[in-house]
Every structure is written in C-alpha cells, then in structure tokens.
Amino acid sequence: MDMVLLLTVLIVVFAVVFDFINGFHDTANSIATAVSTKALKPRHAIMLAAIMNFVGAMAFTGVAKTITKDIVDPFTLTNGTVVILAALLAAIIWNLVTWYYGIPSSSSHALIGSIAGAAIAAAGFTALNYGGFIKIIQALILSPILAFAVGYIVYSIFKVVFKNNNLTKTNRNFRLIQIATAALQSFSHGTNDAQKAMGIITMALIVNNYQSSDDIQLWVQALCALAMALGTSVGGWRIIKTVGGKIMKIRPVNGVAADLTGAAVIFGATFIHLPVSTTHVISSSIMGVGASHRLKGVKWGTAKTMLITWLITMPISALLAGGIYLLLNMFL
C-alpha cells in the first residue's frame with residue numbers, strides 16, 4: 001500500500017472515530033431534556049436518537065460541502081493530507097477531554113479550529129479561505145444567541161397559552177409531545193453534525209486526487225451516518241447530566257419549548273448550509289426557556305463554565321492541531 005493511500009485510509013478511520021465520539025459527546029444533548037423529565041427511559045431515548053441521527057445524516061449534504069471548501073481550499077492546500085490528519089487528531093483529543101469532565105463543549109468548534117490551526121501551521125494565515133471561514137464563525141456565534149432569544153419567546157408564548165391549564169394534566173400531555181420533539185431534535189442534529197466528518201473525508205479525497213469535485217459520495221455519507229448512530233447508541237451520560245439538570249430544573253413543558261427551539265435553529269442553519277454547534281444551540285435554548293420561566297431558576301454558574309469552554313475550544317484546538325501538524329510533518 002503506497003503512502004498516499006495509507007494516509008487517506010487513516011484519515012477515513014479517524015474521521016469515523018471523530019463522528020463516533022461526536023455521537024456520544026454531542027448527541028446526548030438532543031435527548032437530555034426528554035431523559036431528565038422522564039418522558040423517555042434512557043435506553044429508549046438513546047435508541048430513538050441513534051435512529052433519528054442516522055436518518056438526518058442521510059438527508060442532507062450541504063453542510064458537508066461547506067466544511068470541505070469554505071475553511072481552506074482543498075484543491076490548493078499545502079501538505080493537505082497531514083493537515084487533515086492533524087486536525088482530526090486534535091479535535092478527537094479535545095472532545096475526549098471535555099467528555100471525560102462532563103463539559104458540553106462544541107465538537108464543531110473543535111473541528112473547525114483544528115482545521116484552521118493545522119492549515120496555518122502548514123502554510124501561514126494565507127491558507128484560510130477568509131470569506132467562508134468568517135461566515136462559519138458568524139454562524140457559530142449568532143446561532144446560540146438566536147437559540148436563547150427564540151427559546152425565551154417560545155416559552156413566553158407557552159405561558160400565556162397554557163396559563164389556565166391543570167398542571168398535572170399539562171405535564172402528562174407534554175411528556176407525550178416531548179417524545180416527538182426529542183426525535184425531531186435528534187433528526188436535526190444528524191442533518192448538521194454528522195456532515196462535518198463527511199466534509200473532512202471529502203476534503204481528503206480531493207487533496208489526494210481520488211475525486212475532483214466537492215460532491216459527497218454515498219459511501220461517505222452512509223459511513224458517517226452509521227458512525228454517529230453507533231456513537232449515539234453508546235450514550236453520553238456525563239453530558240446528559242450537565243445539560244439535563246445542571247442548567248435548570250426541567251419540566252416537560254420546558255423540555256418541549258427547548259426541543260422545538262433547538263430543532264428550528266439547527267434546521268435553519270442546515271438549510272443554508274452552515275455548520276453550527278448543536279451543543280451551543282441546545283444549551284442556549286434551555287437557558288432561554290429557563291430565563292423566561294424564572295430568571296433565578298437558571299444555574300448561571302454552569303452557564304458561565306459552558307461559556308468559558310465554548311470560548312477556549314477553538315483557539316486551544318487550533319494550537320493543538322498546529323503542534324500535532326509540526327510533529328507529524330517531521331515523520332511523514
């Protein structure tokens with residue numbers, strides 16, 4: 001096996017590993033509210049999320065194409081194979097560290113920061129496609145703000161519409177609705193997050209001259225969808241515990257409002273082919289709902305910890321990827 005083929009296979013393997021880790025690291029967020037309100041038993045919630053993530057991942061490819069060409073140009077990327085390998089290794093390391101400590105950081109931030117950091121280490125700051133890169137950064141920043149605002153509005157509407165309803169009956173009904181909204185949110189997660197690994201594999205295929213367009217091949221799409229579904233089936237209980245209980249005490253009506261908000265914002269980003277952090281969107285949705293319900297009911301200390309992690313993820317991932325690139329470049 002020649003070196004180019006070997007490195008391409010390694011990238012595919014590590015992309016699948018990244019997607020698998022993303023499955024139990026990020027997908028937990030999409031079912032955290034349903035588990036915390038006991039709308040779904042943990043085992044059933046995980047099965048539902050795994051299936052819906054797979055279906056969502058097979059439905060779209062626009063975000064994958066954005067990852068392939070909008071951060072760096074794969075057709076002109078200097079030492080592209082090593083850049084991509086370094087980026088994947090850095091993103092995987094950061095995801096595992098934050099998963100171990102139960103911090104819902106962003107796999108999207110980690111991957112995008114890692115690609116940028118490794119590319120800069122290879123060819124300097126001119127390696128970045130600034131038009132596309134800035135557009136992605138804007139989406140990553142604005143999406144949680146939008147999710148907070150929409151969550152606040154949606155729950156405010158719920159309070160007016162259901163203010164005269166019997167609380168016990170309302171909660172029972174909303175638990176049933178929450179099964180559907182958890183499925184919807186898991187589907188939306190698959191439409192956005194699973195595509196990031198697809199974009200990385202496609203980038204590697206272009207860099208190594210195995211394809212000449214940014215089209216996402218069916219085998220790439222199916223492989224990444226399956227990896228995320230399997231990762232979801234493993235579960236991410238450390239993250240579920242943080243998102244489902246440490247932000248606010250979630251009741252079924254809160255969960256439905258947060259799920260609808262998260263799914264809507266993620267779907268919106270997917271339709272315009274922009275990658276967003278599903279972790280940020282879902283957590284911000286919960287915070288927006290919580291602020292509308294009772295401002296003091298939100299555990300802002302946990303929110304502060306999340307915010308700090310969100311802010312440091314991209315620069316740390318970039319530095320880590322740059323270091324790994326320089327190390328790999330000495331031996332490859």
Side-chain angles (χ1 to χ4, degrees), residues 3-23 26 53-54 56-92 95 107-119 122-123 127-129 131-133 135-136 139 189-229 231 269-276 278 317 321 325:
M3 183 59 70
V4 172
L5 179 57
L6 176 61
L7 290 175
T8 305
V9 171
L10 274 177
I11 287 171
V12 172
V13 169
F14 281 119
V16 168
V17 170
F18 172 81
D19 221 20
F20 180 86
I21 294 170
N22 194 356
D26 278 12
N53 263 279
F54 180 86
M58 293 299 294
F60 298 92
T61 59
V63 172
K65 291 185 178 183
T66 297
I67 294 294
T68 298
K69 59 185 175 59
D70 279 15
I71 304 172
V72 294
D73 183 356
F75 296 99
T76 60
L77 183 60
T78 302
N79 208 3
T81 304
V82 183
V83 167
I84 297 167
L85 190 57
L88 279 170
L89 288 172
I92 288 170
N95 270 356
S107 296
S108 303
H109 280 211
L111 183 61
I112 292 163
S114 295
I115 295 171
L128 295 181
N129 176 359
F133 185 65
K135 182 176 65 175
I136 291 171
H189 181 279
T191 68
N192 202 284
D193 259 23
Q195 293 191 49
K196 290 153 192 170
M198 298 177 202
I200 284 288
I201 293 175
T202 302
M203 188 187 297
L205 294 175
I206 293 171
V207 163
N208 291 322
N209 297 314
Y210 289 112
Q211 72 178 66
S212 58
S213 72
D214 62 359
D215 292 334
I216 311 302
Q217 296 187 45
L218 182 60
W219 71 267
V220 173
Q221 192 176 7
L223 183 64
C224 293
L226 182 61
M228 176 158 283
T270 297
F271 280 122
I272 57 175
H273 301 170
L274 285 175
V276 295
T278 54
S317 299
Y325 170 82

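Only a predicted model underlies this, so the values are computations on that prediction, with no experimental measurement involved.
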Which atom of A91 lies closest to which atom of S114, heavy atoms considered: N-OG, 3.5 Å
Side chains of Q217 and L205 in contact at under 4.5 Å (non-hydrogen atoms): yes
Side-chain touch T68/I216, heavy atoms, less than 4.5 angstrom: yes
Side-chain touch I136/P275, heavy atoms, less than 4.5 angstrom: yes
Closest heavy-atom pair and its distance - Q221, A57: NE2-O, 3.3 Å
From CG (N79) to OG1 (T81), nearest 0.5 Å: 7.0 Å
Salt bridge K196-D19, side-chain N to carboxylate O under 4.0 Å: no
Step-by-step side-chain contact (heavy atoms from CB on, under 4.5 Å) determination, L223 to V12: CA-CA 9 Å; L223 183 64; V12 172; 3.8 Å; yes
Heavy-atom side-chain proximity of T270 to Q195 below 4.5 angstrom: yes
Heavy-atom closest pair, residues A116 and I71: N-CG2, 4.4 Å
I84 CD1 to L10 CG distance, which is reported to the nearest 0.5 Å: 12.5 Å
With sequence neighbours excluded, residues passing side-chain contact (heavy atoms from CB on, under 4.5 Å) with I92: F14, V17, F18, I21, L96
With sequence neighbours excluded, residues passing side-chain contact (heavy atoms from CB on, under 4.5 Å) with A119: V72, L77, V83, A127
side-chain hydrogen bond (donor to acceptor under 3.5 Å, both in side chains) partners of T66, counting only residues at least two apart: none
Minimum side-chain heavy-atom gap I11-V207 below 4.5 Å: no
Residues forming a side-chain hydrogen bond (donor to acceptor under 3.5 Å, both in side chains) with D214, sequence neighbours excluded: none
Nearest heavy atoms of T78 and A123, plus distance in Å: OG1-CB, 3.7 Å
Nearest non-hydrogen partners of A222 and M58, listed with the distance: CA-SD, 3.6 Å
Any donor-acceptor N/O pair, N129 side chain to K69 backbone, under 3.5 Å: yes
Smallest separation among heavy atoms of I201 and C224, with atom names: CD1-SG, 3.8 Å
pair I200-I115: side-chain heavy atoms closer than 4.5 Å: yes
Pairs satisfying ring-ring contact (aromatic ring centres under 6.0 Å, His included), at least one member in residues 57-77, at least two apart: F60-F271
Matching residue for T278 among N22, N192, T191, D193 - test: side-chain hydrogen bond (donor to acceptor under 3.5 Å, both in side chains): D193
Sequence-distant partners of L274, side-chain contact (heavy atoms from CB on, under 4.5 Å), two or more places apart: K135, A139, I272
